[in-house]
Amino acid sequence: MKLIFVSGGVISGLGKGITASSIGRLLKARGLKVSAIKIDPYLNIDAGTMNPFEHGEVYVLNDGGEVDLDLGNYERFMDLELGSDHSITTGKIYKSVIENERHGEYLGKTVQIIPHITDEIKRRIANVARDSGADVVIIELGGTVGDIESMPFLEAARQLGRDLGRGENIMFVHTTLIPIMGSVGEEKTKPTQHSVKELMGMGIGPDIIIGRCSRSLTQTAKAKIAMFCDVDEKAVISTPDARSIYEVPLILESQGVADYIIDRMKLKPLTTKRNMKDWESFLNNILEPKKTVTIALVGKYTALADSYLSQLEALTHTGAKRSCKPAVKFIDSDDLLHNEPASLLSDVDGILVPGGFGIRGVEGKIAAAQYARENGIPFLGVCLGFQIATVEISRHVLGLEEANSTEFDPETPDPVISLMHEQENIEDMGATMRLGAQTVMVAKGSKANDLYGKTVISERHRHRYEVNPNYIQRLEEAGWKFTGKSDDGRRMEIGELEGHPYFVASQFHPEFRSRPMNPSPLHLGLIDAAIRFKDDKTGTQ
Ligand code: GLN
């Protein structure tokens, strides 16, 4: 088992997840099998009950795990499919230790953080390393070194270094901030020195230091960090502000990080060449797109872009495929209540209504869907966006004026979206939705069939409500065709509006499976339709 721990110092939000993902990508590009774990030191069992405003979106895995968005970065950068065991939280660790204690597993003993909590952390890491069969597992430690919550995890990491051997089997990568004072000032290394000192106080001297700075670090700064923090000079890596997160692997590669790791850990890559050609052309399409379309993202968490991270990445992937920049215009759905939709939407080439929970913002989203439908603007609805589209069509095409989802109006005379049967008696909020990858049957000849290129697909879910079967026939007669259904035919999964250039919505979340080289088909459909829409508008051939 070979492990690379990635910790963070000085401040949070340094892009540790992107750094960890990028290192993984580089190792993978040399033919090594990589996997990744995210440690979140909070007490929640998982991210499922958290507000996107605090931690960004809740990312969903194939097995239904509701996890931190960094697992999305790992899946996208390293092209992996991970399971819930790749997300470790303090909540999960304590829960198992306390359950073990109640079962009498530690009879006679005092249960303590060391060794019981640290052993449980080590056990979980070892299980993932074994089950994934990876040559190397990258483990990102959430939070900042010095936080009370992360101490047991650092201690477990230190012990693993001792158990398995530092250098060859365990490496520590520490990411820090190197501020610059004044516009032409020098790089300040003191915060880095202090945070490394903190790490050393836990018995961990880093092997690699990655310094985030607004510009590239000078050789003098690198030498100073190497000297004060006791690392090789070539192990001090500079990550200046990048033009795209997808540039970071190439920035790291140019400084030889992967070679340094391979050498130190005695990894046996299949190739010594950097097989990053496809990545480079992907990045080039992002940085130098041949065209631009404007996509409105209508949501209620728009003040924090991370709340819709996977949607934005899916648009980036599909845009790159078409060498088209999707310029995203964030629209707070409540603004559509106080303004004419045209005043906010008349300049966009496509509208995306993503997932969401709770009544706030819903009517504004319905207004956006109506505007898209009536004006022939390309529209993609995802999860709540699918339910919204169904409500909009029920109200304004079928004439069921008070149609709604029972999530927002339990007394509605026309509950076109209603609670799934199996959800009716559920009281616990954590991990109780319809979650994870499920098979969807796609109708032959539909747009979805065209885009996916097949009739049986698997996509990830996270919802409690669904299209009420009593309304399916009427909705289809009105032109809202359900071209994707669950394999038993009972649940509606994809809707496509007849006679509209692209008005498509899905109950599942295609954004979670979008990959740089293999973008989400429904987002690709949106971008293609937006390109056509814009060309028609401007008269371009
Ligand atoms: N609130 C809706 C439901 O639970 C939609 C969920 C979502 O958009 N993820 O069904």
Side-chain angles (χ1 to χ4, degrees), residues 46-53 55-62 64-67 69 72 297-302 306-312 314 333 351-366 368-369 379-392 394 403-410 412 415-438 440 459-469 471 482 484-486 490-495 504-514 520 522-523:
D46 60 35
T49 56
M50 290 189 189
N51 185 332
F53 261 139
H55 286 270
E57 80 178 0
V58 177
Y59 189 76
V60 182
L61 302 173
N62 277 347
E66 299 169 279
V67 295
L69 53 77
L297 191 149
V298 182
K300 68 171 173 178
Y301 311 117
T302 46
D306 267 1
S307 306
Y308 299 112
L309 184 65
S310 293
Q311 293 289 0
L312 300 177
S333 39
I351 297 175
L352 171 60
V353 177
F357 294 83
I359 190 167
R360 188 175 74 76
V362 161
E363 290 301 322
K365 292 177 189 175
I366 293 175
F379 172 89
L380 176 62
V382 170
C383 205
L384 179 64
F386 168 72
Q387 300 174 356
I388 290 286
T390 305
V391 170
E392 193 280 314
S394 306
N404 214 330
S405 161
T406 53
E407 181 179 2
F408 315 124
D409 179 6
T412 171
V416 290
I417 304 293
S418 56
L419 204 57
M420 288 183 275
H421 271 311
E422 65 271 30
Q423 289 282 332
E424 273 161 15
N425 299 316
I426 284 178
E427 282 173 11
D428 273 355
M429 294 307 281
T432 54
M433 285 186 244
R434 178 172 180 244
L435 288 166
Q438 313 272 348
V440 175
E459 289 282 16
R460 299 181 187 173
H461 294 71
R462 182 171 187 248
H463 66 122
R464 290 187 204 282
Y465 295 82
E466 65 177 348
V467 175
N468 182 340
Y471 290 87
F482 295 108
K485 296 182 183 174
S486 57
R490 282 178 39 219
R491 297 183 202 291
M492 300 305 107
E493 292 275 9
I494 304 175
V504 176
S506 64
Q507 183 59 77
F508 54 80
H509 291 267
E511 70 275 21
F512 292 141
R513 284 205 133 157
S514 187
S520 150
L522 297 187
H523 289 75

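Just follow the structure's listing: the first ligand is 1, and inside any ligand the first atom is 1. The model shown is predicted, which means the values in this text are computed figures rather than measured ones.
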At a 4.0 Å threshold, what atoms of ligand 1 neighbour a non-hydrogen atom of [X]?
X      : answer
Arg462 : 6 (C), 7 (C), 9 (N)
Gly355 : 8 (O)
His509 : 9 (N)
Glu407 : 1 (N), 2 (C), 3 (C)
Gly356 : 1 (N), 2 (C), 5 (C), 6 (C), 7 (C), 8 (O)
Cys383 : 5 (C), 6 (C), 7 (C), 8 (O), 9 (N)

**Message:** I'd like to know whether Glu66 forms a side-chain contact (heavy atoms from CB on, under 4.5 Å) with Leu435, so could you lay out the CA-CA distance, the side-chain angles of the two residues, the decisive distance to 0.1 Å, and finally the verdict.
**Reply:** CA-CA 8 Å; Glu66 299 169 279; Leu435 288 166; 3.7 Å; yes
**Asked** Among protein heavy atoms, which lies nearest atom 4 (O) of ligand 1, and at what distance?
**Response** Arg464 N, 3.0 Å
Side chains of [X] and [Y] only: does a donor on one sit below 3.5 Å from an acceptor on the other?
X      : Y      : result
Arg460 : His509 : no
Glu459 : Gln507 : no
Ser333 : Arg360 : no

**Request:** Determine whether any heavy atom of Met433 lies closer than 4.0 Å to an atom of ligand 1.
**Result:** no
**Message:** Tell me whether Gln387 reaches ligand 1 (any heavy atom closer than 4.0 angstrom to a ligand atom).
**Reply:** yes
**Message:** Has Ser486 got a side-chain atom pairing as donor or acceptor with Arg491's backbone, closer than 3.5 angstrom?
**Reply:** yes
**Asked** Is it true that a side-chain atom of Glu57 and a backbone atom of Ser310 form a donor plus acceptor pair closer than 3.5 Å?
**Response** yes
**Prompt:** Relative to each other, are the rings of Phe482 and Phe386 parallel, tilted or perpendicular (30° and 60° limits)?
**Reply:** perpendicular
**Request:** Indicate yes or no: does an N/O atom of Tyr465 lie under 3.5 Å from an N/O atom of ligand 1?
**Result:** yes
